[in-house]
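What follows is a single structure, written as structure tokens, with notes after it.
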Amino acid sequence: MQRELAEFKKNFEERLAAAKKEKIKIVLKEQYSDAFDILADCENANLIPGIIGPPGTGKTLLLRAYAEKTGRDLYWVTGDEGVRPSHLTGAFNPSIVLNKGFGLEAFEPGPLLKSMVNGGVFGLNEGNRLSEYVQNSLLDPFEERSISVQRLGRIKAEEGFFPVLTMNPEEMSGAHRLSEALRDRIRVWIRLGYPRKQTELEIIKMNSPEYNISDATLEKIYGLVSATRLSTDIEIPASIRAGISIARLSAEMTKRKKEKNVTHATLSEASTYVLVGALRFRPGIDTEPAVNALVRRSLGS
Ligand SMILES: Nc1ncnc2c1ncn2[C@@H]1O[C@H](COP(=O)(O)OP(=O)(O)OP(=O)(O)O)[C@@H](O)[C@H]1O
Ligand SMILES: [Mg+2]
């Protein structure tokens, strides 16, 4: 048991170092470089931005890259009804309180407080899914850059604290609305869509560096992925993630089969494995036959 724990500790330290060393890989052009510049403008002008884009368009990656380029950490919360203000701010650890009382050493800070104290980028993912009560608890930190921590006092955020909201477009009008008060604090709206073809192909390549994927295969993958975005039968189309997954899986299958190029059969198979879970069809449409038909239509049979 002792040995197991020591081993885990050593490995954990190693993994921490690995995370610190990891450089973010991003294709920073077109909508991504524009969004990056506007983020910087917002920060300089003291305005809070919201990034709106369908799933998998690079919202999180963009924030990570922004935090890294400006030498800060990114703190992150994803909203849902179960999130309480203490999940954002932090809470006292009862067992430490028992021995040491309500002091700072007994307090376990949450991501919002950490980013305010350390001066980090604070990403609020799907803030609209937070209860109104929790959304309202963000008004002070966002507007006044200050927060009250129970029993510890009121703090003023460090200079580098930069809150950014990210959201999916349909959530703007859907069941989970951003509270009027919070929406009013988001001053600038940055839209991310699906990138242009050449940019998306570059993104797929960047995310499959160990494979040598031919341009012909990339073209086919893009054709398939973009077809899902045009189809009126599909509510949630293939994201950039799906394209990356098809590229990687088909390349790996080709390697295993010791084939020279990605064949039509391999690409169809890999696409089906990915798309049955990646797409959401309109109600009443059976997923599997619909995916098969889509793959056949786009890649040929
Ligand atoms: N500009 C880009 N350069 C390189 N990779 C990218 C780029 N945009 C997206 N990706 C890749 O696409 C995938 C999805 O990106 P990310 O997780 O940032 O999307 P998201 O918009 O935050 O999605 P969600 O709405 O599901 O949270 C990741 O694998 C990411 O590396
Ligand atoms: Mg994300």
Side-chain angles (χ1 to χ4, degrees), residues 19 22-40 49-70 73-80 83 111 115 120-130 162-176 178 186 189-211 213 218 221-222 224-226 228-229 234-252 270-271 274-275 277-280:
E22 190 183 44
K23 278 264 170 272
I24 283 155
K25 287 185 297 179
I26 182 169
V27 176
L28 201 54
K29 48 165 71 165
E30 294 159 11
Q31 61 169 356
Y32 298 107
S33 64
D34 292 346
F36 192 95
D37 291 343
I38 299 294
L39 280 177
I51 306 175
I52 316 270
T57 36
K59 301 181 291 295
T60 303
L61 185 71
L62 183 71
L63 271 193
R64 265 191 210 298
Y66 185 75
E68 185 192 83
K69 289 240 159 83
T70 51
D73 284 327
L74 173 67
Y75 300 87
W76 196 255
V77 161
T78 296
D80 68 60
V83 173
S115 58
V121 177
F122 176 68
L124 178 61
N125 195 16
E126 316 291 355
N128 51 300
R129 289 173 176 267
L130 296 168
F162 182 42
V164 183
L165 189 100
T166 71
M167 241 165 110
N168 290 324
E170 69 264 32
E171 305 276 346
M172 290 294 282
S173 52
H176 299 269
L178 210 55
I186 313 297
W189 299 94
I190 302 169
R191 286 203 166 262
L192 284 187
Y194 298 111
R196 285 193 322 121
K197 179 176 171 184
Q198 284 315 318
T199 308
E200 184 154 349
L201 294 186
E202 209 176 310
I203 291 173
I204 294 178
K205 274 196 250 181
M206 179 180 268
N207 284 279
S208 335
E210 65 276 65
Y211 301 110
I213 302 167
L218 284 171
I221 294 172
Y222 183 79
L224 177 56
V225 161
S226 60
T228 70
R229 297 172 188 162
I234 299 177
E235 285 181 345
I236 299 183
S239 68
I240 300 180
R241 274 190 203 110
I244 295 171
S245 307
I246 294 171
R248 296 184 58 86
L249 182 60
S250 61
E252 187 59 37
S271 302
V274 171
L275 293 181
L279 306 178
R280 190 167 78 209

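Residues take their numbers from the sequence shown, with the count starting at 1. Whatever order the structure lists them in is the order used to number ligands and atoms, beginning at 1.
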Does the [X] side chain pair with the main chain of [Y], one donor and one acceptor, at a distance under 3.5 Å?
X    : Y    : result
Q31  : G193 : yes
T228 : A238 : yes
K25  : I203 : no

- [ ] Look at atom CD of E210 and say whether more than 12 heavy atoms of other residues, nucleotides or ligands are closer to it than 6.0 Å.
- [x]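 It does: E210 CD has more than 12 such atoms within range.
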Task: Under 4.0 Å from ligand 1, counting heavy atoms only: the protein residues, by chain and number - done: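 Contacting ligand 1 under 4.0 Å are K25, I26, V27, Y32, P55, G56, T57, G58, K59, T60, L61, N168, I203, M206, N207, I240, R241, I244.
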Task: Within-2.8 Å protein N/O/S contacts of the Mg ion (ligand 2) - done: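 Metal shell, protein only: T60 OG1.
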TODO: Grab the two heavy atoms, one from R191 and one from P169, that are nearest each other, plus how far apart they are.
DONE: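 Nearest pair, atom of R191 first, then P169: NH1-CB, 4.2 Å.
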TODO: List the atom of G120, the atom of Y75, and the distance in Å for their closest heavy-atom pair.
DONE: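 Taking G120 first and Y75 second, the nearest heavy atoms are CA-CE1, 4.0 Å.
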Task: Distance, nearest 0.5 Å, that separates OG1 of T199 from OH of Y194 - done: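 It comes to 15.5 Å.
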Open item on the list: Could you go through L165 and L178, starting from their C-alpha distance and side-chain angles, then the distance that decides it, and tell me whether this counts as side-chain contact (heavy atoms from CB on, under 4.5 Å)?
Closed with: CA-CA 11 Å; L165 189 100; L178 210 55; 3.9 Å; yes
Task: Y66 and F36 aromatic ring geometry - parallel, tilted or perpendicular at 30°/60° bounds - done: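 F36 vs Y66 ring planes: perpendicular.
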